[in-house]
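Read through the structure below, which is laid out as C-alpha cells, and then see the notes.
Treat the numbers as computed from the prediction; the structure is a model and nothing was measured. All values below come from the heavy atoms of this structure, side chains included, with hydrogens, waters and symmetry mates left out.
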Amino acid sequence: MLRRGRWRLRAVYKPLPAYLPLPLLPSPSSPSPTKPTKPSPMAAPVSQPPVAARASTRLLPRGLGALPESAPASLRFSVGRRRRAARLEVKASGNVFGNHFQVATYGESHGGGVGCVISGCPPRIPLTEADMQLELDRRRPGQSRITTPRKETDTCKILSGTHEGMTTGTPIHVFVPNTDQRGGDYSEMAKAYRPSHADATYDFKYGVRAVQGGGRSSARETIGRVAAGALAKKILKLKSGVEILAFVSKVHQVVLPEDAVDYETVTMEQIESNIVRCPDPEYAEKMIAAIDKVRVRGDSIGGVVTCIARNVPRGIGSPVFDKLEAELAKAMLSLPASKGFEIGSGFAGTDFTGSEHNDEFYMDEAGNVRTRTNRSGGVQGGISNGEIIYFKVAFKPTATIGKKQNTVSREHQDVELLARGRHDPCVVPRAVPMVESMAALVLMDQLMAHIAQCEMFPLNLALQEPIGSASSASELAPNLS
C-alpha cells in the first residue's frame, strides 16, 4: 500500500485474460496530469529517486504517487479516500449455472468431448455412471428417424467426486467424448452465416468461432446439463419425493388438447412409449407425421414442451429477483432454440378477470392448505405453494436446413447457402430430457437455498413445514465394512 496525503493505492497483481486488454495507466510518453508545486519552506525535505528511476515511472492521477515501469499492464487496483474504495473488476463467464448447486458445462460439438463439473453436491448420495447414462440416452442423437442421424453413444465417465458409489461432497467431473464428428460437412458454413443461427452473433461478439458443428452453440453442450440434472433429480426424489416429467405438447400445428393429459397421473412410461415423447398415442402419430413431412423436404419445424413437477415442497423460491418462476424462465430460455416460456395460465390468463383467475384456498381432509384450481402453476409470489408446478417452453424450427437460403458471407457479401450436416428436423423430442434437467437444477439450487436460510433455526410449525426426507437414513449411509 502506498500513501500520499489522504489518498491510498492498493495494488493487487492479478493477471487478466489475454483477450481483455485493459490500459489502466498512462504511458511514459503521456503528459503529466499534475503540475509541479513548490515545496513549503516549513516542510521536511523529501528524498527523490534517481533521475533514471524517475524516467522509468508511469504517472498516476494526482495524489496517488507512481508505479514502476515493471508493474504489469494487467494491474487490478482500487482508489479511495480513508476507508472508501472504488473497485474495477471485469467478470465474464456465462458457463456456470446455480448458486448453491453449481454446474459448469464445457466442450464443443466437434472438440474432444463435452461434460460438466458439479459443485455443492451433498455427500453420501448414491451415484454411478448408470444413473446419468439413463438420462443421457434419452437426449443422445440418432435414436429415431425424426432426430439427427449423428451416431453418438454419449457414454459418460465420472472422473472425480465419488468413492465406492457415493458422492464425497467434492466437485464431480463428468466427461463424454465426441466420437462421430464430420468437420467437412461445415465447409460452407465457414464462409457464410446460417440464417437464424448463432454463427453471425458469435463472430460479432468474439471475432472468431468454432465452425464445425456450431461449436459452443451446439445442442451437444446440453450433455453436461442432462448429466447434472440426473443427479439433481435423484437428490430431489430422495429428499422430498419430487418427480419431474416433461412431454411434447405441440409440434408445428398439431396441438395436444389441455385436458388430454392428467398432470396428477401421467407417467414416464406413457411419455417414452413413442419416438416423439407425447403421452397421447393418437396425437403422437399426428406429430410424427408432421415431422416426417418436412424431414423428407430438408426443412424443419418447431414445437412446445410441457413440464410438470410434482411433490415440490412449499416455500421454494426467493423474492424478489430469485423468484422461482424467474429462475425457471432463465433456465429454460438458456436452452438451444428456446424462444418462449409461460407458467400456469401464462398468456391465456390475460383473458380472465380476477374473480375468474384467482385460485381459491381450502382445507383438505388432512388439514393442509390447498387451492381448488391451479392457474398459478404451483407458484405464487415467486414461492412454491405445494401444488403441481407446470410450465411450457417453446422451441423454434431448427435453423440448419437442407434448403437453399439467402444470407451473407463473412466477407460481407450477399450469397446463397445450402447447408449440409446432420441436424434434427424438430428439436422438441430430444428437448424433453433437457427441460426436465434444467427444472431439476433450478429446484435443487432453490431447495438448498431454502434449507440454508429458513431451516437453520426452529420453524414456526403453525405456518411452516420442514423439508422432510422421503428416503431412509440407511440408504444414504456409506458402506464402511
Atom pairs and distances, donor-acceptor, side-chain atoms in residues 407-417, under 3.5 Å, two or more places apart:
unit_1 : atom_1 : unit_2 : atom_2 : d
T407   : OG1    : Y193   : O      : 2.4
S409   : OG     : E411   : N      : 3.2
S409   : OG     : H412   : N      : 3.4
S409   : OG     : Q413   : N      : 3.1
R410   : NE     : D203   : OD2    : 2.7
R410   : NH2    : D203   : OD1    : 2.9
R410   : NH2    : D203   : OD2    : 3.0

**Prompt:** Hey, what do you get for CD1 (I389) to SG (C307), rounding to the nearest 0.5 Å?
**Reply:** 9.5 Å
If you measure only the distance, is there a donor-acceptor pair under 3.5 Å linking the side chains of [X] and [Y]?
X: S249; Y: T306; value: yes
X: D359; Y: T373; value: yes
X: Q380; Y: S376; value: yes
X: E152; Y: T179; value: yes
X: S300; Y: H423; value: no
X: E356; Y: T353; value: yes
X: T398; Y: T400; value: no

**Set of residues satisfying salt bridge (charged side-chain N to carboxylate O under 4.0 Å, His left out) with respect to R216, sequence neighbours excluded** = none
Could you pull out every donor-acceptor pair under 3.5 Å between side chains of residues 250-264 and any protein atom, sequence neighbours left out?
unit_1 : atom_1 : unit_2 : atom_2 : d
E258   : OE2    : K392   : NZ     : 2.3
D262   : OD1    : E264   : N      : 2.9
D262   : OD2    : T265   : OG1    : 3.4

**Asked** Do I235 and F101 pass the side-chain contact (heavy atoms from CB on, under 4.5 Å) test, and can you show the C-alpha distance, the side-chain angles, and the key distance before you say yes or no?
**Response** CA-CA 11 Å; I235 298 173; F101 191 85; 4.0 Å; yes
**Asked** Should E436 and R138 be marked as a salt bridge (charged side-chain N to carboxylate O under 4.0 Å, His left out) after you check the CA-CA gap, both sets of side-chain angles, and the distance that decides it?
**Response** CA-CA 11 Å; E436 291 177 1; R138 298 175 65 212; 2.8 Å; yes
**Message:** Quick one, D154 with R220, criterion salt bridge (charged side-chain N to carboxylate O under 4.0 Å, His left out). Give me CA distance, side-chain angles, the key distance, then yes/no.
**Reply:** CA-CA 10 Å; D154 287 351; R220 284 196 69 71; 3.0 Å; yes
Could you tabulate the donor-acceptor pairs under 3.5 Å formed by side-chain atoms of residues 447-461, not counting sequence neighbours?
unit_1 : atom_1 : unit_2 : atom_2 : d
H450   : ND1    : G315   : O      : 3.1
E455   : OE2    : I467   : N      : 2.7
N460   : OD1    : A462   : N      : 3.3

**Prompt:** With a cut-off of under 6.0 Å to the ring centre and 45° to the axis, is R209 in cation-pi contact with Y202?
**Reply:** no
**Request:** Report the residue from I291, I146, T148 that forms a side-chain contact (heavy atoms from CB on, under 4.5 Å) with D424.
**Result:** T148
**Asked** How far apart are the closest heavy atoms of S217 and H197, and which atoms are they?
**Response** OG-CE1, 3.6 Å
**Request:** Would you indicate whether Y362, at its atom OH, is surrounded by more than 12 heavy atoms from other residues, nucleotides or ligands within a distance under 6.0 Å?
**Result:** yes
**Message:** For the backbone of G402 and the side chain of D299, can you confirm whether one donor and one acceptor N or O come within less than 3.5 Å of each other?
**Reply:** no
**Parallel, tilted or perpendicular, as decided by the 30° and 60° cut-offs, for the rings of F391 and F341** = tilted
**Request:** Could you note down all residue pairs passing side-chain hydrogen bond (donor to acceptor under 3.5 Å, both in side chains) where residues 330-340 supplies at least one of them, sequence neighbours left out?
**Result:** R225-S334
**Request:** Determine which pairs satisfy side-chain hydrogen bond (donor to acceptor under 3.5 Å, both in side chains) with at least one residue from residues 437-448, sequence neighbours left out, and list them in order.
**Result:** none
**Item:** Chi angles and distances behind the salt bridge (charged side-chain N to carboxylate O under 4.0 Å, His left out) call for E327, K323
**Value:** CA-CA 6 Å; E327 293 296 298; K323 289 183 177 181; over 6 Å; no
**Message:** Test side-chain contact (heavy atoms from CB on, under 4.5 Å) on L324 and L443; report intermediate values, then the result.
**Reply:** CA-CA 8 Å; L324 184 54; L443 292 175; 4.0 Å; yes
